[in-house]
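Each remark here refers to the structure printed beneath this line.
Protein chains get the first letters and strands the later ones, always in sequence-line order, with residue 1 at the start of each.
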Amino acid sequence: KNQVEQSPQSLIILEGKNCTLQCNYTVSPFSNLRWYKQDTGRGPVSLTIMTFSENTKSNGRYTATLDADTKQSSLHITASQLSDSASYICVVSVDNQGGKLIFGQGTELSVKP
Amino acid sequence: GAGVSQTPSNKVTEKGKYVELRCDPISGHTALYWYRQSLGQGPEFLIYFQGTGAADDSGLPNDRFFAVRPEGSVSTLKIQRTERGDSAVYLCASSPKGLAGGQFHNEQFFGPGTRLTVL
């Protein structure tokens with residue numbers, strides 16, 4: 001069964017600190033892995049997309065890593081800001097299914113002043 | 001340019017009623033997706049359109065759910081005989097291409113969602 005699991009479920013950090021969110025997946029055939037940010041009451045917004053051949057990709061203060069062998073990914077947030085408070089969702093795209101996405105349950109990040 | 005829009009933003013209905021949720025994709029996007037997101041969970045795939053046709057409807061939970069995209073642009077998700085368990089946020093996304101165009105061409109852009117509450 002295609003699944004995406006994330007940890008931790010929720011996380012509270014102080015402004016300016018770094019944090020790392022984890023994602024494990026069992027999706028086959030694998031196409032690509034994405035990290036989305038979802039603010040409360042809004043639709044998800046893409047942060048990074050990686051194929052199996054990419055180990056890391058950055059988008060500003062966000063850096064995603066991918067280990068296709070162990071089927072693990074992480075999202076590292078540097079120098080957190082209050083506006084980083086959101087749900088971060090790991091999503092894996094199934095190959096040859098029109099971009100069908102399998103979503104994790106998300107990690108709820110709260111950045112406190 | 002305008003993003004994906006969804007109407008209404010909120011819908012409250014009574015158990016057993018019929019509802020329609022509308023999605024206006026980004027102009028020119030051929031692929032359109034519907035998802036359902038329950039509280040504290042990630043979105044769950046419902047159905048995918050490539051143009052006017054439903055290319056994959058494997059995520060529709062039962063025959064009370066139906067979606068159309070008659071002209072390959074706007075899509076309507078229809079729910080008959082609503083049940084309390086249907087309460088969720090229904091998200092729509094569009095992308096420039098679906099199966100065609102390679103991996104990076106199926107970047108999906110999400111709308112804000114419609115929050116459906118069935119009393």
(request) Quick one: which of B/R115, B/Q41, B/E44 has the most heavy-atom pairs under 4.5 Å with chain A, could you say? (result) B/Q41
(request) Report the option among B/P112, B/P43, B/A93, B/G113 that has the most heavy-atom pairs separated by less than 4.5 Å from atoms of chain A. (result) B/P43
(request) Would you check if B/Y35 and A/L101 make a side-chain contact, meaning some heavy-atom pair closer than 4.5 Å? (result) yes
(request) Would you mind checking which part of B/Q37 comes under 4.5 Å of any heavy atom in chain A, side chain (CB onward), backbone (N, CA, C, O), both or neither? (result) side chain
(message) Please classify the contact between B/S9 and chain A as side chain, backbone, both or neither, with a heavy-atom cut-off of under 4.5 Å.
(response) neither
Indicate if [X] and [Y] have the same hydrophobic cluster label, given that clusters are the connected sets of ILVMFWY residues with side-chain heavy-atom separations under 4.5 angstrom.
{"X": "B/F110", "Y": "B/L32", "value": "no"}
{"X": "B/V89", "Y": "B/Y33", "value": "yes"}
{"X": "A/V4", "Y": "A/L33", "value": "yes"}
{"X": "B/I47", "Y": "B/F66", "value": "no"}

(request) Please look at A/Q9 and chain B and tell me whether the side chain, the backbone, both or neither of the residue comes under 4.5 angstrom of a heavy atom of that chain. (result) neither
(request) Give the member of A/S10, A/S87, A/P44, A/G106 that has the highest number of heavy-atom pairs under 4.5 Å with chain B. (result) A/P44
(request) Just give me the residue among A/S46, A/G104, A/G43 that pairs up with chain B most often, heavy atom to heavy atom, under 4.5 Å. (result) A/G43
(message) By the disulfide bond (SG atoms under 2.5 Å apart) test, which pairs, at least two apart or in different chains, include something from residues 17-95 of chain B?
(response) B/C23-B/C92
(request) Return each pair, listed once, that meets disulfide bond (SG atoms under 2.5 Å apart) where at least one residue sits in residues 40-93 of chain A; pairs must be two or more places apart or across chains. (result) A/C23-A/C90
(request) Over all heavy atoms of both residues, which pair between B/E107 and A/Y36 is shortest? Give the atoms and the distance, please. (result) OE2-OH, 3.8 Å
(request) Begin with the C-alpha distance, continue with both residues' side-chain angles, and end with the deciding distance and a verdict on side chain to side chain contact (heavy atoms under 4.5 Å, CB included) for B/L91 and A/Q38. (result) CA-CA 12 Å; B/L91 292 166; A/Q38 186 175 24; 4.2 Å; yes
(message) Other residues, nucleotides and ligands only: do more than 12 of their heavy atoms fall within 6.0 Å of CG on B/L39?
(response) no
